[in-house]
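Data block below; observations after.
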Amino acid sequence: RSDRDWSSDVCSSDLFDSRPHIGIELEMTHAKAIADIGQTVGVNGTNVLLSTVMQRLELSHGLNFALANVVVRRPAGRRLLLVGRAGGGVTVPHVETVFEGVRKNGYQYGGRAWQIAGGIEYRLIAGLQAIADVRLTTAYENVLVGPTGSDGPKLSGPFMSGHFGVGLGYRLGKTPW
């Protein structure tokens, strides 16, 4: 569970000349997660307060999703496109913990990730677009939380988040409408 959940997103799309409504995207999503250490969690088959073993658990420099998506855009008017996307990739979280008094801070390979999303793109002028979308993003993380070394304590489990995003985009080259 996260006390706060913020996200920023950078995406690059390539639409195919023969099928201008279908494309491939490379995307980097920077979602943050800060654990409520007062919650009860399962540790080695026993339910305990997270704060009894971990004084801090943050992924505040991001879960850092690196994804490849398939995107489909369909005209819904002169300036409006409906957009759907689905993809997968990996996470590279920045793990910040204090576990049994030992501080850990750094980037690690986290695990597999995937997402589905739907939204709109509205052409404002020339290539400038207003973008709004809703996403469901999930990952299964397996990260080291204790002292450095591969045999230290690990945190593993699913991270799932829903995002509503708005922003601006700029389209270079052909438009799919």
(Q) If I take atom CD from residue Gln108 and atom NZ from residue Lys154, how far apart are they, to the nearest 0.5 angstrom? (A) 8.5 Å
Q.
Between Arg56 (side chain only) and Val98 (backbone N and O only), is there a donor and an acceptor less than 3.5 Å apart?
A. no
Q.
If you compare all heavy atoms of Ala139 against all heavy atoms of Thr91, which two are closest, and at what distance to 0.1 Å?
A. CB-CG2, 3.8 Å
Q: Identify whether Tyr109 and Leu67 are in the same connected component of the hydrophobic contact network (ILVMFWY, side-chain heavy atoms under 4.5 Å).
A: no
Q. Is Asn69 close to Ile24 at the side-chain level, that is, under 4.5 Å between some pair of heavy atoms?
A. no
Q: Could you please spell out the steps behind the side chain to side chain contact (heavy atoms under 4.5 Å, CB included) verdict for His163 and Gln115?
A: CA-CA 11 Å; His163 305 267; Gln115 78 168 352; over 6 Å; no
(Q) Taking Ile120 as the starting point, is it possible to reach Val134 by hopping between hydrophobic residues whose side chains are less than 4.5 Å apart? (A) no
(Q) Using every non-hydrogen atom in the two residues, find where Pro158 and Tyr140 come nearest and quote the distance to one decimal. (A) N-CD1, 3.8 Å
Q. Rounded to the nearest 0.5 Å, how far apart are CD1 of Ile37 and OG1 of Thr97?
A. 11.5 Å
Q) Closest heavy-atom contact between Leu144 and Val95? A) O-CG1, 3.9 Å
**Q.** Student check: side-chain heavy atoms of Met160 and Leu136 closer than 4.5 Å
**A.** yes
**Q.** Met54 and Leu155: CA distance, side-chain angles, deciding distance, side chain to side chain contact (heavy atoms under 4.5 Å, CB included) verdict
**A.** CA-CA 11 Å; Met54 186 169 290; Leu155 170 73; 5.6 Å; no
Q: Using the rule that two of Ile, Leu, Val, Met, Phe, Trp, Tyr join whenever any of their side-chain heavy atoms come within less than 4.5 Å, decide whether Tyr122 and Leu168 are in one cluster.
A: yes
Q) Can you name the nearest heavy-atom pair linking Val166 to Ala132, along with the distance? A) CG1-CB, 4.1 Å
Q) Do Pro75 and Leu81 touch side chain to side chain, with heavy atoms closer than 4.5 Å? A) yes
Q.
Could you see if Tyr170 belongs to whatever hydrophobic cluster contains Leu80? Use Ile, Leu, Val, Met, Phe, Trp, Tyr and a side-chain cutoff under 4.5 Å.
A. yes
Q) Looking at OG1 of Thr137 and CZ of Phe159, how far apart are the two atoms once the value is rounded to the nearest 0.5 Å? A) 13.5 Å
Q: Please name the pair of heavy atoms, one in Ala86 and one in Ile116, separated by the smallest distance, quoted to 0.1 Å.
A: CB-CG2, 4.1 Å
Q. What heavy-atom pair brings Leu82 and Ala76 nearest, and what distance separates the two atoms?
A. CG-CB, 3.8 Å
Q.
Return the CZ to CD distance between Arg79 and Gln129, rounded to the nearest 0.5 Å.
A. 11.5 Å
Q: Please confirm whether the backbone N or O of Arg73 pairs with a side-chain atom of His21, one donor and one acceptor, at under 3.5 Å?
A: yes
Q: Could you tell me the separation between the CZ atom of Arg123 and the CG atom of Leu128, rounded to the nearest 0.5 Å?
A: 11.0 Å
Q: Answer yes if Ile131 and Leu26 sit in the same cluster of Ile, Leu, Val, Met, Phe, Trp and Tyr residues linked by side chain heavy atoms under 4.5 Å apart, and no otherwise.
A: no
Q: Measure the spacing between CZ of Arg112 and CG of Asn142 and express it to the nearest 0.5 Å.
A: 10.0 Å
